[in-house]
Amino acid sequence: MNSITFNSLARFMRFHPGKVVRIDSFLSLPWTTTTLPLPLFAGDKLALRSLCSSRSLVDVPTLTELVSKQHYSELKARLRGSGSVPAAVLRQFLDSGSDPDLALRYFRWSRDELGLSHPLELTFRLAHSLADAKKYPKVRSFLDEFVRVSDGDTVSSIFHSISNCGGGFCNGSIIVDMLVWAYAKNGKTQMGFEAFKRAGDYGYKLSVVSCNPLMSNLANEGAVGDLEWVYKEMIRGRIKLNVVSFNTLISGLCKARKLNKARDVVEDMKACGVSPNVVTYNALIDGHCKSGGLTRMYKADATLKEMIESKIRPNEITYNILMDGYCKDENMVAAVKVFEEMQRQGLKPNLVTYNSLINGHCNSGEISKAVSLRDQMLSSGLKPNIITYNVLIHGFGKNGMFKEAKEMLDVIEKEGLVPNVVTFNILIDACCNSGKNEEAFLIHASMASKGVLPDILTYNSLITGLCREGKMDKAEKLFGEMKDNSLKPNVVTYNILIGSLCKKRESRKAHRLLDRMVKIGLSPNHVTYDTLMDGYCTEGNLRAAVKVRELMQKEGLRANIATFNVLIKGFCKQGKLENANSLLNEMLERGMVPNRTTYDIIREEMLDKGFVPDIDGHMYNVSG
DNA sequence: ATGGGTTAAC
């Protein structure tokens with residue numbers, strides 16, 4: 001084949017865009033019996049060029065032999081000697097209809113050894129060939145590799161290749177399914193989600209094997225909206241959900257505090273003939289424990305009873321969840337009861353059980369109980385882990401026992417454990433919150449020698465410490481130092497600095513900091529606005545405070561109880577009880593329930609003015 | 001060939 005033939009072929013293609021031609025109608029080579037989609041892609045042009053100069057080609061039997069015998073150095077030499085384009089060689093493999101294993105081997109070799117990146121079209125032709133040969137595990141691992149290295153290929157172009165490279169539709173489904181799986185497995189959730197959506201558009205059928213990991217990722221990344229959408233699409237697409245699919249969804253909804261929806265899904269699953277199991281109930285109980293509201297532990301306990309009535313036996317994890325709930329509720333009596341109940345049921349407390357309970361005791365100031373529980377764990381053959389010690393250090397620090405807290409570092413090492421960044425952060429935070437800045441900085445300096453890098457929390461604690469002492473210049477210096485360690489200040493960092501400036505009656509300066517954080521793309525949160533408002537209120541600049549509230553609402557954050565309390569306090573302190581009262585009324589109109597702080601603030605002011613409170617909720621209505 | 005539930009710090 002010479003260049004004249006090539007040119008005539010190229011001209012034919014230009015005048016027949018989109019037409020598929022058989023190369024062998026133009027070329028007389030016996031093995032080029034494939035069709036070529038038009039217009040040509042860059043890779044095809046290369047292929048064509050090498051086809052057109054037959055001299056430059058290594059013939060397929062030779063290629064096959066070299067690859068199957070893994071004579072790679074010779075293959076490399078042949079390719080170089082022939083001047084052939086390695087990318088085009090893959091096409092020859094696929095065209096020749098030889099064993100797809102060999103094409104796969106060549107693909108991997110040329111990728112790893114020659115650094116070749118094959119066009120999508122060939123990549124998915126190879127996937128199709130493997131699927132045709134029913135080599136499904138190979139398709140799976142091939143796509144897994146593809147997903148790991150592919151960077152910048154859009155889901156759209158990938159689907160185009162899958163559907164246009166000539167393979168069957170059934171295999172298309174299998175390939176797409178494994179693609180979704182590969183994305184999910186490699187943490188590329190967004191790509192997986194897009195592939196899921198597009199699979200629906202193309203009509204490819206997916207399986208739970210791929211959808212479950214995708215749902216799991218969406219749940220763990222807090223993308224409940226997408227998670228629910230996937231669920232609905234799966235139902236619509238008649239993908240048969242199993243107990244894990246439902247549990248993943250329920251757990252995701254519970255974590256997003258959507259308990260009612262989670263309950264609905266439990267009914268859905270029963271309707272689908274799938275029975276809830278211990279995992280289902282554990283997720284629900286945990287959801288109740290971690291939800292707000294005064295009755296949360298009551299609901300959690302009711303769910304446990306419901307579970308037992310349904311003849312599902314609670315396991316260690318069930319009791320751990322419930323016990324931790326009571327610990328967080330500062331109800332250690334109930335927590336200990338659960339601890340005993342689980343043992344009565346023949347279940348052995350595990351590491352998590354002890355860690356939770358130790359944490360509970362630490363937080364309720366019963367350090368000695370916490371310490372003796374660690375001893376109990378050791379004697380029952382359980383080895384404490386770093387969480388155990390972090391919890392204890394936190395407990396010591398909160399109770400002013402710095403010596404004991406620091407000694408734990410030695411205990412950790414003696415136990416063969418390694419302190420982590422949390423360990424150091426707890427220690428540093430304990431110091432900074434009790435005026436021991438120098439100590440905190442010493443610990444900070446010692447982190448490097450232990451091979452632990454400070455994180456944002458480390459810096460936030462240190463900055464808090466400096467601000468407490470009014471050392472704003474040093475705090476700002478540290479703020480700058482964070483960037484040198486490639487750590488970005490977060491909302492909390494800004495809130496600390498803003499709060500500190502406000503305390504120094506420099507609210508204007510604090511306001512500029514708020515502007516700056518917005519400018520760099522950080523979204524202020526409720527605390528940010530409330531802190532600044534409080535600052536303006538303290539300075540008696542109520543107009544500015546009200547303006548901040550407007551700004552906050554413009555940013556889509558609604559005033560909550562804390563916000564109202566700040567403003568009410570501000571007005572009260574200025575003796576403007578009428579304004580305070582109208583804010584209180586606004587709260588009530590919005591259906592918000594003022595808390596004790598709200599009333600305490602107003603009561604203080606009213607008593608000052610000689611009012612006598614009664615028990616009625618509207619007792620503070622001074623305009624009346 | 002696959003997936004679900006529990007513990008630590010600002």
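By convention in this document, chain letters (A, B, ...) are assigned in the order of the sequence lines, proteins followed by strands, and residues within each chain are numbered from 1.
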Please confirm whether A:Phe196 and A:Tyr183 have ring centers closer than 6.0 angstrom. no

May I ask you to check if A:Lys436 and A:Phe402 form a cation-pi contact, with NZ or CZ under 6.0 angstrom from the six-membered ring centre and within 45° of the axis? yes

Could you give the CG-to-C1' distance, from A:Leu214 to B:dA1, as a whole number of Å? 17 Å

Salt bridge check: are A:Arg236 and A:Glu233 linked by an N-O gap of less than 4.0 Å? yes

Per the atom types in the model, does the base of B:dG5 pair as donor or acceptor with the side chain of A:Asn320 at under 3.5 Å? no

Please check the phosphate of B:dG4 (OP1 and OP2 only) for any side-chain N or O of A:Ser216 closer than 4.0 Å. yes

Presence of salt bridge, A:Lys270 and A:Glu267, under 4.0 angstrom: yes

Length of the line joining A:Ile174:CD1 and B:dA1:C1', which is rounded to integer Å: 13 Å

Examine the side chains of A:Glu194 and A:Gln190 and answer whether a donor and an acceptor come within less than 3.5 Å of each other. no

Between A:Asn390 (CG) and B:dC10 (C1'), how many Å, whole number? 14 Å

Using a heavy-atom distance cut-off of less than 4.0 Å, which residues of residues 252-273 of chain A contact DNA chain B? A:Lys255

With a cut-off of 6.0 Å (strictly less than), are more than 12 heavy atoms of other residues, nucleotides or ligands near NZ of A:Lys474? no

Take the protein atom CG of A:Leu427 and the nucleotide atom C1' of B:dA8, then report the distance between them rounded to whole Å. 13 Å

A:Lys305 with A:Asp301: basic N within carboxylate O range, under 4.0 Å: yes

Within this structure, what is the CE-to-C1' distance between A:Met323 and B:dT7, rounded to whole angstrom? 9 Å

Phosphate OP1/OP2 of B:dA8: any A:Lys328 side-chain N/O under 4.0 Å: yes

With heavy atoms under 4.0 Å as the rule, sort A:Val421 into base, sugar-phosphate or nothing. nothing

Name the nucleic acid region contacted by A:Asn490, choosing base, sugar-phosphate or nothing; use a 4.0 angstrom heavy-atom cut-off, strictly under. nothing

Does A:Lys290 make a side-chain N or O approach to OP1 or OP2 of B:dT7 shorter than 4.0 Å? yes

Which heavy atom of A:Cys467 sits nearest a heavy atom of A:Ala475, and at what distance? SG-CB, 4.0 Å

Write down the distance between CG (A:Leu351) and P (B:dT6), rounded to a whole number of angstrom. 15 Å

A:Asp144 and A:Lys185 ion-paired at < 4.0 Å: no

Euclidean distance, atom CG of residue A:Asn247 to atom C1' of B:dT6 [Å, nearest integer]: 15 Å

Among residues 353-383 of chain A, which ones have heavy-atom contacts with DNA chain B below 4.0 Å? A:Asn355, A:Ser356, A:Asn359

Look at A:Asp410 together with A:Lys414 and state whether they make a salt bridge at an N to O cut-off of under 4.0 Å. no

With a 3.5 Å cut-off and no angle check, do the side chains of A:Asn525 and A:Asn495 form a donor-acceptor pair? yes

Within residues 304-312 of chain A, which residues have any heavy atom lying less than 4.0 Å from an atom of DNA chain B? none

Could you give all pairs that pass the side chain to side chain donor-acceptor pair (under 3.5 Å) test and reach residues 437-447 of chain A, with sequence neighbours left out? A:Lys406-A:Glu439, A:Asn437-A:Glu469

Is a side-chain donor-acceptor pair under 3.5 Å present for A:Asn425 with A:Asn460? no

Testing A:Asp324, A:Thr388, A:Asn320 one by one against A:Asn355 for a side chain to side chain donor-acceptor pair (under 3.5 Å), which residue passes? A:Thr388

Heavy atom of residues 453-484 of chain A under 4.0 Å from DNA chain B: which residues? A:Leu457, A:Asn460

In residues 439-451 of chain A, what residues come within less than 4.0 Å of DNA chain B, judged by heavy atoms? none

How about A:Arg374 and A:Tyr389: does a side-chain donor come under 3.5 Å of a side-chain acceptor? yes

Within the modelled atom types, does a donor on one side and an acceptor on the other bring the side chain of A:Asn277 and the base of B:dG4 under 3.5 Å apart? yes

